[in-house]
2 protein chains.
Amino acid sequence: MELTPRQKEIFEFIKGFIKERGFPPSVREIGERFRIYPRAAFDHLRALERKGYLKRKGSMSRGLKILVFQGYESRGSSQRAGPHGEHLKKEGRLLSREVPVLGRVAAGKPTLAVEHVEGTIPLPIEWLKGKEVFLLKVKGDSMSPYILPEDYVIVRSQPAAENGDVVVTLVGEEATVKRFFRKGGKVELRPDNEHWETLQIEEGSGEIQILGKVIGVFRKC
Amino acid sequence: MELTPRQKEIFEFIKGFIKERGFPPSVREIGERFRIYPRAAFDHLRALERKGYLKRKGSMSRGLKILVFQGYESRGSSQRAGPHGEHLKKEGRLLSREVPVLGRVAAGKPTLAVEHVEGTIPLPIEWLKGKEVFLLKVKGDSMSPYILPEDYVIVRSQPAAENGDVVVTLVGEEATVKRFFRKGGKVELRPDNEHWETLQIEEGSGEIQILGKVIGVFRKC
DNA sequence: ATGTATACTATACATTTGTTTAGTTGTCAA
DNA sequence: TTGACAACTAAACAAATGTATAGTATACAT
């Protein structure tokens, strides 16, 4: 159920009010803000409740609870409802998922051939929605100073990339993190650190394999 | 200012109430919970406000705003075995904890007086063991390229630092991330980015306040 | 001994606030 | 054209709610 522009306006005001002051606005405060009568504001609250954006608790003053925070749920999307590695909050909402940290990445295998899983780290589930993600502990300083040795990179499994993306690729036996560029028929893997050399490979030669795109960095000092 | 056991009990109830229902309790609801008269509950609210734990907004119904989220002084023990924000694995082992993301940090208060909690992010509990930790979303590029704008820094609450530590300090009204050095009687706050200037302050002048040490960085690309 | 702080009872008052009743106006689809 | 919905006005009611007045009892420090 979508909101009308007016309802959205009012919903945004309520969210902002709570964020700023720590408690929801009263019916009259909403009315004052939009120069409408309490009854009109009240009607809007009922509409917002009917559409599932908030809940009104009985007839309590300021008895509002925001239910929808960003957009909606990705309805019917690929919520990886795996049986393992998920954490439940008391209410039952998913908040984090155990993401595997891969040591070495096996050659040949598509993406997640789990030769060496060094452990797992819980990550916020919002950052993983609908994605197949793994972590990699970075060894070299080829992407310094953007990514430093010992950093964990959060990698989204995907077999292709766009110009400028930071990718994890399998060159020979080793997994490396580089910046990806395609120029004409050639693929370039550029390090951010100038002390390292750019790799140039013919496209489609099969010499490299893109494992995924770096969508985050995790540094534990 | 420490809370009495009774005040702590009531403060915990208020925090739990907000977390569960989305809005603060009324004076009478507090009274009913503890079987005391509205006036007694009201007195407790005034005590909690006087001690800086919450703020009452005028005479508005449920006009409460929590200011202090994590325990009091971390004198001695620290492990906040709070009932909220923790995730349990199916076997019952703790793996992650919801860590608050602070927007602005209030001046004056010891360490953890919080103006705006923008949300929470689950972090691996092993990284937080025995520490009092919060997150801060970085705004400027003064620590670039080590820390970039929009990065989250993981901050361990502590009132002092050692040379070379990256710290979060309160200079005037604003919280800034800089590298800390002490030389003779002067404190230096150096940015990694040369385009920014080093701040020099007399030690013990009270002009700056160390909020904590950066123990991690979180980048969502 | 006196003052201050905590923690409460009991009643009362004045708003604040959610909600009701009773309508109007405009849009848009069946 | 009829009906549903959105978006409102205007006034009123009853309940919820913050707060004041006026006290009691206990603990602790000066």
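Fair warning: this is a prediction, and the values are worked out from it, not measured in the lab. Convention: sequence-line order gives letters A, B, ...; per-chain numbering from 1.
For the pair Leu64(B) CG and dT16(C) P, the interatomic distance rounds to 17 Å; values are reported in whole Å. Per the geometry, CD belonging to Glu32(B) stands 13 Å off P belonging to dT9(C), to the nearest Å. Between the C1' atom of dC8(D) and the CG atom of Leu45(A) lies a distance of 15 Å, rounded to the nearest Å. Rounded to whole angstrom, the span from the CG atom of Leu3(A) across to the C1' atom of dA7(D) amounts to 15 Å. Distance Ile36(A) CD1 to dT25(C) C1': 16 Å, rounded to the nearest Å. Atom CZ of Phe34(B) and atom C1' of dT6(C) are 15 Å apart (whole Å). Between Lys55(A) atom NZ and dG18(C) atom P there is a gap of 17 Å when expressed in whole angstrom units. In this structure, the NZ atom of Lys8(B) is 14 Å from the P atom of dA7(C), given to the nearest Å.
Glu49(B) pairs by the side-chain hydrogen bond (donor to acceptor under 3.5 Å, both in side chains) definition with Arg56(B), not counting sequence neighbours. Asp151(A) is linked by a salt bridge (charged side-chain N to carboxylate O under 4.0 Å, His left out) to Arg219(A), counting only residues two or more places apart in sequence or in another chain. With sequence neighbours left out, the side-chain hydrogen bond (donor to acceptor under 3.5 Å, both in side chains) criterion links Glu9(B) to Arg6(B). Annotation: salt bridge (charged side-chain N to carboxylate O under 4.0 Å, His left out) contacts of Arg21(B) (sequence neighbours excluded): none. For Lys186(B), the side-chain contact (heavy atoms from CB on, under 4.5 Å) partners are Gln200(B), Glu202(B), not counting sequence neighbours. Under the rule for a side-chain contact (heavy atoms from CB on, under 4.5 Å), the partners of Asn193(B) that lie at least two apart in sequence or sit in another chain are Asp141(B), Ser144(B), His195(B), Trp196(B). Remark: Arg28(A) pairs with no residue by the side-chain hydrogen bond (donor to acceptor under 3.5 Å, both in side chains) rule, at least two apart or across chains. Looking at residues two or more places apart in sequence or on another chain, you find no salt bridge (charged side-chain N to carboxylate O under 4.0 Å, His left out) involving Arg156(A).
In the helix from dA1(C)-dT30(D) to dA30(C)-dT1(D), the terminal helix axes, each the rotation mapping four pairs' C1' atoms onto the next four within five end pairs, subtend 30°, rounded to 10°.
The side chain of Tyr37(A) contributes no N or O atom lying less than 4.0 Å from OP1 or OP2 of dT9(D). OP1 or OP2 of dC8(D) has at least one side-chain nitrogen or oxygen of Arg6(A) nearer than 4.0 Å. Of the side-chain N and O atoms in His44(B), one or more sit less than 4.0 angstrom from OP1 or OP2 of dA7(C). OP1 or OP2 of dT6(C) has at least one side-chain nitrogen or oxygen of Lys51(B) nearer than 4.0 Å.
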Let me have the donor-acceptor pairs involving side chains of residues 31-38 of chain B, under 3.5 Å, with sequence neighbours excluded, atom names and distances please.
none

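Taking a 6.0 Å sphere around CD of Glu12(A), one finds it holds more than 12 heavy atoms contributed by other residues, nucleotides or ligands. Sparse packing is recorded around NZ of Lys55(A), with 12 or fewer heavy atoms of other residues, nucleotides or ligands lying under 6.0 Å away.
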Do any N or O atoms of the protein come closer than 3.5 Å to N or O atoms of nucleotides 27-30 of chain D, and which pairs are they?
none

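For Tyr53(B) and Phe11(B), the distance between ring centers is under 6.0 angstrom.
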Protein-to-nucleotide contact annotation, 5' to 3' order, nucleotides 14-25 of chain D [B base; S sugar-phosphate only; - none; under 4.0 Å, heavy atom]: ---BBBBB----
